[in-house]
Structures are given as C-alpha cells and as structure tokens.
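Beneath this line is the structure, given in structure tokens, with notes to follow.
All residue numbers in this chain count up from 1 along the given sequence.
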Amino acid sequence: MNPKPLFILLVAAASSHFAAADDNADEKHVQVVTASGDTIEGYIRSDLKTGLKNLFSKTGSIRQYINVGEEPKGGETQRFSAPEVKEYRFLEPTEGYPEGAVCVSTEINAPRMFKPMNCVRGFAWELDRRESGSVLRWDVFENSGGRNSVSYLVPAVGLKFKGARAAFIVKLNGKFNDMMLVLYLKKKYPELKEAWDEYYHKSPDAKAHRKELVDNPSTGLMFYEEFLRTNAPLEDEASDD
C-alpha cells in the first residue's frame with residue numbers, strides 16, 4: 001500500500017475535525033453517562049489533540065476519545081476515553097433520532113494481522129437496541145486494492161448479540177459481510193453459527209435474507225431472538241453487557 005495517500009487522508013480528517021465550528025450548540029448538547037454511573041451534561045467539543053488521538057490510536061478508525069466542555073465555546077473541557085464512558089446521548093432530537101442520537105462505548109471487533117478476533121473498546125452509534133442486543137455503526141478503513149492501493153474510511157454496521165464479547169460487522173460499505181461474525185460464532189457458539197449459516201447462506205431464501213439484513217440490520221437481532229426461543233444466549237466471558 002502506498003502510505004502517502006493514507007497520511008494525507010489522516011491529516012485532512014484531523015484538520016476537518018479540528019476545524020468543525022461549534023456554531024449550532026444544540027446539535028452538540030449531550031448527556032454523558034460515565035462508567036461509574038455519574039451523569040454529566042455538556043457539549044461535544046472539537047479539538048486537534050482529541051482528533052489526532054482518535055486517528056492515531058491502535059484502531060485508526062474506531063473513535064476512542066471524546067472531548068466535552070461545560071459550554072459550547074470557551075471554558076474548560078474534559079477528555080474521556082471509551083473505558084471511562086458508558087454512553088452519551090445528544091439532547092437535541094432529530095427526525096432520525098426523535099429521542100436523541102446515542103453513542104455507546106463497547107467492545108468492537110477490530111481485526112489485525114494474525115489476530116482476526118482482536119477487539120477494542122470504542123464509541124459506536126447505536127441504531128437499534130433490543131432485548132437481544134444492539135445494532136451499531138462505526139467507521140473502518142477499506143483498501144481500494146491494486147498496486148497503488150489507497151485506504152478510505154467507510155461505514156460499518158455490526159451486531160452486538162446479548163452475551164457476545166463484542167460487536168461484529170454484518171454490513172460493510174453498504175454490502176453484506178459476516179466473515180468475522182461467522183468466525184467468532186464458530187469458536188464461541190457452534191450451534192448458533194450453524195443456524196446463522198443455514199439462514200443466511202444455505203437456505204433457498206438465503207439471498208433474500210441477506211438483502212433483508214442489509215436493508216434493515218435489526219433483522220439480524222430478530223433472527224437471534226428466534227434462536228433464543230429454544231436455545232441459551234451467548235456466554236462469552238469477555239462480554240461487557
């Protein structure tokens with residue numbers, strides 16, 4: 001891979017993050033729930049140091065830090081790492097999030113060379129929360145391929161099954177992708193892996209099921225709920241549920 005385009009991408013992203021003005025205070029007004037259970041109200045603040053800490057963290061894409069100030073502009077701010085936070089909720093409702101968008105701190109699968117099951121704690125947008133788990137979105141780097149390969153940040157949507165160690169991708173850059181989830185289930189819960197394979201890969205309607213999940217990732221949680229009618233949930237010792 002050619003490192004120069006990636007370096008340019010990182011610097012540009014950090015600069016963009018730093019340059020983002022706090023013009024609309026309501027859109028940055030949040031309520032933070034810390035790991036100890038305390039609640040802090042403030043404003044998400046953009047600054048270069050936090051942006052660089054996120055971009056040059058071990059994951060390179062999964063955000064692991066947020067910066068919160070008591071006021072939209074000026075005054076003191078406090079930087080939180082993902083392990084220090086349970087979640088933060090935006091207090092200004094939108095059409096897509098009538099109760100306010102929520103960003104949770106959780107374990108996320110972040111494969112590394114020779115370590116496909118590597119997981120890190122980071123922040124992910126919560127798209128749905130059910131008794132059986134959550135649908136989460138975060139960003140990952142994807143290579144363009146070829147001799148002069150370039151890395152781009154693309155959206156990833158994953159499922160965090162109740163009892164699972166981490167969230168695993170099921171939709172990458174708009175396409176179905178369950179490779180890491182299947183690998184995880186093969187080791188941790190073979191029966192669930194077999195049921196997943198049958199539903200999403202082997203049955204006559206597998207293609208339709210995959211399309212349904214891409215269109216609505218919450219159907220993956222519904223599949224798990226159906227599985228739990230006659231089976232026990234995942235019990236991974238590293239679960240942070």
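Counting heavy atoms from C-beta on, the side chains of Val170 and Leu181 come closer than 4.5 Å. Using a 4.5 Å cut-off on side-chain heavy atoms (C-beta onward), Lys193 and Val182 make contact. At a threshold of 4.5 Å between non-hydrogen side-chain atoms, the residues Ile44 and Asn67 do not count as touching. In this structure, Trp125 and Val102 have side chains that are not in contact, with every pair of non-hydrogen atoms separated by 4.5 Å or more. Within the 4.5 Å cutoff, the side chain of Glu71 has no heavy atoms near those of the Glu76 side chain. Side-chain contact between Thr77 and Val68 is absent, with no heavy atoms from C-beta onward closer than 4.5 Å. Counting heavy atoms from C-beta outward, Lys162 and Glu131 have side chains that approach closer than 4.5 Å. The side-chain heavy atoms of Gln64 and Ile66, taken from C-beta on, include no pair separated by under 4.5 Å.
A side-chain donor-acceptor contact under 3.5 Å links Asp38 and Ser36. Between Thr34 and Lys86, the side chains place no donor N or O within less than 3.5 Å of an acceptor N or O (distance only, hydrogens not considered). Neither side chain, Asp139 nor Ser61, offers a donor N or O lying under 3.5 Å from an acceptor on the other. When only modelled atom types and interatomic distance are considered, Ser105 and Arg121 share a side-chain donor-acceptor pair under 3.5 Å. Side-chain contact, Glu142 with Asn173: a donor N or O sits under 3.5 Å from an acceptor N or O.
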Residue pair Val135, Leu159: steps toward the side-chain contact (heavy atoms from CB on, under 4.5 Å) verdict: CA-CA 5 Å; Val135 179; Leu159 300 179; 3.8 Å; yes

Check against salt bridge (Lys or Arg N to Asp or Glu O under 4.0 Å), Glu126 and Arg89: CA-CA 10 Å; Glu126 186 175 69; Arg89 180 184 298 272; 5.6 Å; no

Stepwise side-chain contact (heavy atoms from CB on, under 4.5 Å) test for Ile169 and Asn109: CA-CA 8 Å; Ile169 290 174; Asn109 177 230; over 6 Å; no

Residues Leu91, Val30; criterion side-chain contact (heavy atoms from CB on, under 4.5 Å); working and verdict: CA-CA 5 Å; Leu91 299 180; Val30 296; 5.7 Å; no

Verdict with reasoning, Asp178 to His201, per side-chain contact (heavy atoms from CB on, under 4.5 Å): CA-CA 10 Å; Asp178 67 347; His201 295 282; 2.7 Å; yes

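In the hydrophobic clustering of ILVMFWY residues, with side-chain heavy atoms under 4.5 Å counting as a link, Tyr199 and Met222 come out apart. Tracing side-chain contacts under 4.5 Å through hydrophobic residues (I, L, V, M, F, W, Y), one never reaches Tyr43 starting from Val33; they form parts of separate clusters.
Lys171 places a side-chain N or O within 3.5 Å of a backbone atom of Val214 that can act as its donor or acceptor partner. Panel note: side chain Glu198, backbone Ala195; no donor-acceptor pair is recorded below 3.5 Å. For Asn118 (side chain) and Arg112 (main-chain N/O), no donor-acceptor pair under 3.5 Å exists by modelled atom type.
A salt bridge does not link Glu212 with Lys207: every distance from a Lys NZ or Arg NE/NH1/NH2 to an Asp or Glu carboxylate oxygen is 4.0 Å or more. In summary, Glu225 and Arg130 engage in a salt bridge, as defined by a charged side-chain N under 4.0 Å from a carboxylate O.
Considering every non-hydrogen atom in both Lys160 and Ala167, the closest pair reads CD-N, 3.4 Å. Here the shortest heavy-atom pairing between Asp236 and Ala164 reads CB-C, 4.2 Å. Pairing each heavy atom of Leu228 with each of Pro233, the nearest pair is CD2-CA, 3.4 Å. In plain terms, the two heavy atoms of Lys28 and Ser46 that are nearest each other are NZ-OG, 4.4 Å.
The one candidate from Trp138, Phe80, Tyr88 that meets the ring pair (Phe, Tyr, Trp, His ring centres under 6.0 Å) condition with Phe123 is Tyr88. Residue Tyr184 is tested with Tyr189, Trp196, Phe168 for a ring pair (Phe, Tyr, Trp, His ring centres under 6.0 Å); the sole match is Phe168.
We find the CE-CG distance between Met179 and Asn177 to be 5.5 Å, quoted to the nearest 0.5 Å. With rounding to the nearest 0.5 angstrom, the CG atom of Asp205 is 11.0 Å from the CZ atom of Arg210. The CD atom of Glu107 sits 9.5 Å away from atom CD1 of Ile62, with the distance rounded to the nearest 0.5 Å. Annotation: the span from Leu183 atom CG to Met117 atom CE amounts to 4.0 Å, rounded to 0.5 Å. Note: Asn231 CG to Glu226 CD = 10.5 Å, rounded to the nearest 0.5 Å. To the nearest 0.5 Å, the span separating CZ on Arg129 from CG on Leu221 amounts to 12.0 Å.
Through chains of ILVMFWY side-chain contacts below 4.5 Å, Phe114 is grouped with Met113.
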